[in-house]
Amino acid sequence: MNDRDTYVTRPHPPGEIAAALEGTRLTAAHRRGKSMWVETDRGPVLGLHLGMTGRIVIDGEEAGDRRRGTDRPGWDRFVIEFEDGGRLALRDMRRLGRAVLAPAIDRLGPDAAEVDRRTFRERVGRGTAPLKARIMDQAVIAGVGNLLADEALWQARLDPRRPAGSLSEDELDRLRREIRASARSAIRRGGAHTGRLIPERHPGGHCPRDGVELRHAQVGGRTTYWCPADQH
DNA sequence: ACCTATGTTGATAC
DNA sequence: GGTATCAACATAGG
């Protein structure tokens with residue numbers, strides 16, 4: 001076990017996670033939104049999060065998509081070596097990922113790909129914050145990041161700047177449907193970058209539906225692209 | 001060279 | 001409590 005990277009294991013001191021995990025057996029793996037965690041047969045729970053650029057690497061093989069510049073072994077920040085020779089690493093260029101004991105899963109909302117209609121209406125359809133900020137709040141629903149938010153809002157034809165509390169039930173239902181579809185598609189195909197809007201998500205990009213040039217601005221503190229013609 | 005951008009999240013201040 | 005802003009990181013590109 002190597003947990004000496006002081007940043008991805010914050011706030012644990014070096015060696016603490018190793019001491020808790022050595023000699024245990026990993027018995028189950030879970031995911032909710034962008035958070036993952038594994039259980040052990042002696043109690044400790046290990047939380048894993050990929051941050052922006054993280055990948056899980058099993059026996060040298062990267063899981064998920066394999067985009068440019070993600071694959072240097074030198075970026076392995078946290079590594080578990082198993083007795084049978086297996087190896088699990090958190091490979092993360094920017095080190096914004098994390099590996100922690102007892103992750104605070106209870107602070108997450110329901111998974112964005114699974115949330116039911118009633119729960120979605122109650123949790124998302126309130127407040128004055130921009131709609132995009134609301135769906136990206138992991139305590140409201142878990143799993144929507146910056147790219148997936150732009151994709152789903154575009155699919156649902158909703159303006160990201162609208163106050164979340166201003167949506168009708170029909171609009172909320174439409175948004176839930178597109179978030180679930182986008183999240184499931186991203187999981188199946190290996191990333192939100194496989195969506196339809198995302199390739200146009202750059203200055204000068206155009207709406208794939210009507211060809212209108214996309215607008216971009218900061219919404220909820222994040223760079224946001226949307227079609228001024230059909231997102232309301 | 002310098003400034004900006006970036007699939008995220010948390011601490012902090014109104 | 002809800003909302004907005006900024007820092008933490010490492011690299012790429014104009």
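Worth saying up front: this structure is predicted, and the values here are computed from it rather than measured. Per chain, numbering begins at 1; letters A, B, ... match sequence-line order.
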Short side-chain N/O contact to [N] OP1/OP2 from [X], under 4.0 Å:
X       : N       : answer
R201(A) : dG7(B)  : yes
W75(A)  : dT11(C) : yes
T53(A)  : dT8(B)  : no
K34(A)  : dG7(B)  : no
R94(A)  : dA8(C)  : no
T223(A) : dA5(B)  : no

Ion pair check, [X] and [Y], cut-off under 4.0 Å:
X       : Y       : answer
E151(A) : R201(A) : no
D111(A) : R32(A)  : no
R95(A)  : D5(A)   : yes
K132(A) : D150(A) : yes

How many Å lie between [atom1] on [X] and [atom2] on [N], as a whole number?
X       : N      : atom1 : atom2 : result
M36(A)  : dT8(B) : CE    : P     : 14 Å
R189(A) : dG7(B) : CZ    : P     : 19 Å
M52(A)  : dA5(B) : CE    : P     : 13 Å
L96(A)  : dA8(C) : CG    : P     : 12 Å
M136(A) : dG7(B) : CE    : P     : 8 Å
R107(A) : dT9(B) : CZ    : C1'   : 10 Å
L48(A)  : dT9(B) : CG    : C1'   : 16 Å
I135(A) : dT8(B) : CD1   : C1'   : 15 Å

* To do: Examine the base of dC9(C) for any acceptor or donor lying under 3.5 Å from a partner atom in the side chain of R95(A), and report the outcome as yes or no.
  => no
Looking at every strand, decide which applies to [X] at a 4.0 Å heavy-atom threshold: base, sugar-phosphate, or nothing.
X       : result
R98(A)  : sugar-phosphate
P11(A)  : nothing
G221(A) : nothing
R126(A) : nothing
A192(A) : base

Which one, [options], comes nearest to the side chain of [X]?
X       : options                 : result
A129(A) : dT3(C), dT8(B), dA12(C) : dT3(C)
N146(A) : dT8(B), dA4(C), dA10(C) : dT8(B)
Y7(A)   : dT8(B), dC9(C), dT3(C)  : dC9(C)
R134(A) : dT3(C), dT8(B), dT11(C) : dT3(C)
P130(A) : dA12(C), dT6(B), dA4(C) : dA4(C)

* E169(A) and salt bridge (charged side-chain N to carboxylate O under 4.0 Å, His left out): which partner among R118(A), R121(A), R174(A), R117(A)? ->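 When salt bridge (charged side-chain N to carboxylate O under 4.0 Å, His left out) is applied between E169(A) and each of R118(A), R121(A), R174(A), R117(A), only R121(A) qualifies.
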* Determine the Euclidean distance between corresponding P atoms of dC3(B) and dA7(C); express it in Å to zero decimal places. => 15 Å
* Considering Watson-Crick and G-U wobble pairs with both distances under 3.5 Å, what does dA11(B) pair with? ->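 Matched dA11(B) with dT5(C) under the 3.5 Å cut-off.
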* To do: Following the transitive rule for hydrophobic clusters with a side-chain heavy-atom cut-off under 4.5 Å over Ile, Leu, Val, Met, Phe, Trp and Tyr, establish whether W75(A) and L96(A) coincide in one cluster.
  =>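 Different clusters.
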